[in-house]
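Below: the structure, in structure tokens.
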Amino acid sequence: MDKRSLEHLAGRFREAETRTRLLRLELAAAIRQADADGVLQKHICEATGYTRQQVRRIVQAEDEAAE
């Protein structure tokens with residue numbers, strides 16, 4: 001592995017991290033919208049693979065930010 005290849009791979013990794021952060025934000029917004037639309041928490045968990053606690057934290061984080 002030469003320096004140029006390593007830099008290229010590290011750059012791709014940083015881009016993936018950025019995309020992951022953006023997708024997490026989008027998913028969190030979608031979860032909050034689903035909750036607001038009355039989608040059952042069970043169904044949100046099934047669709048996302050998140051636990052009920054993770055879904056509650058995401059929804060509550062928005063509620064706390066609004067206060």
Side-chain angles (χ1 to χ4, degrees):
M1 172 75 57
D2 62 17
K3 182 181 176 188
R4 186 175 186 176
S5 297
L6 185 57
E7 287 172 341
H8 176 72
L9 186 58
R12 287 181 48 215
F13 180 78
R14 284 189 294 278
E15 289 170 5
E17 284 180 317
T18 300
R19 284 193 307 273
T20 299
R21 280 191 294 275
L22 293 173
L23 288 170
R24 253 191 210 123
L25 292 172
E26 286 182 39
L27 181 57
I31 288 170
R32 288 189 289 273
Q33 185 61 54
D35 179 71
D37 291 345
V39 176
L40 295 176
Q41 189 181 69
K42 173 186 174 186
H43 294 157
I44 296 172
C45 293
E46 289 171 355
T48 62
Y50 284 1
T51 65
R52 288 177 177 259
Q53 183 60 32
Q54 287 170 305
V55 171
R56 276 193 292 274
R57 285 181 185 152
I58 291 167
V59 172
Q60 289 173 354
E62 179 66 16
D63 291 343
E64 292 170 5
E67 293 176 354

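Excluded from the calculations below are hydrogen atoms, water molecules and symmetry mates; all remaining heavy atoms, backbone and side chain alike, are included.
Around atom CZ of R56, more than 12 heavy atoms belonging to other residues, nucleotides or ligands sit under 6.0 Å away.
In this structure, H8 and R4 have side chains that are not in contact, with every pair of non-hydrogen atoms separated by 4.5 Å or more.
To the nearest 0.5 Å, the span separating CG on L27 from CG on L22 amounts to 12.5 Å.
In this structure, I44 and D35 approach most closely via the heavy-atom pair CD1-N, 3.9 Å. Annotation for V59 and R32: closest pair CA-CG, 4.1 Å, computed over non-hydrogen atoms.
Side chains of Q60 and R57: no donor on one and acceptor on the other come within 3.5 Å.
When Q53, R52, Q54 are each tested for a side-chain contact (heavy atoms from CB on, under 4.5 Å) with C45, only one passes: R52.
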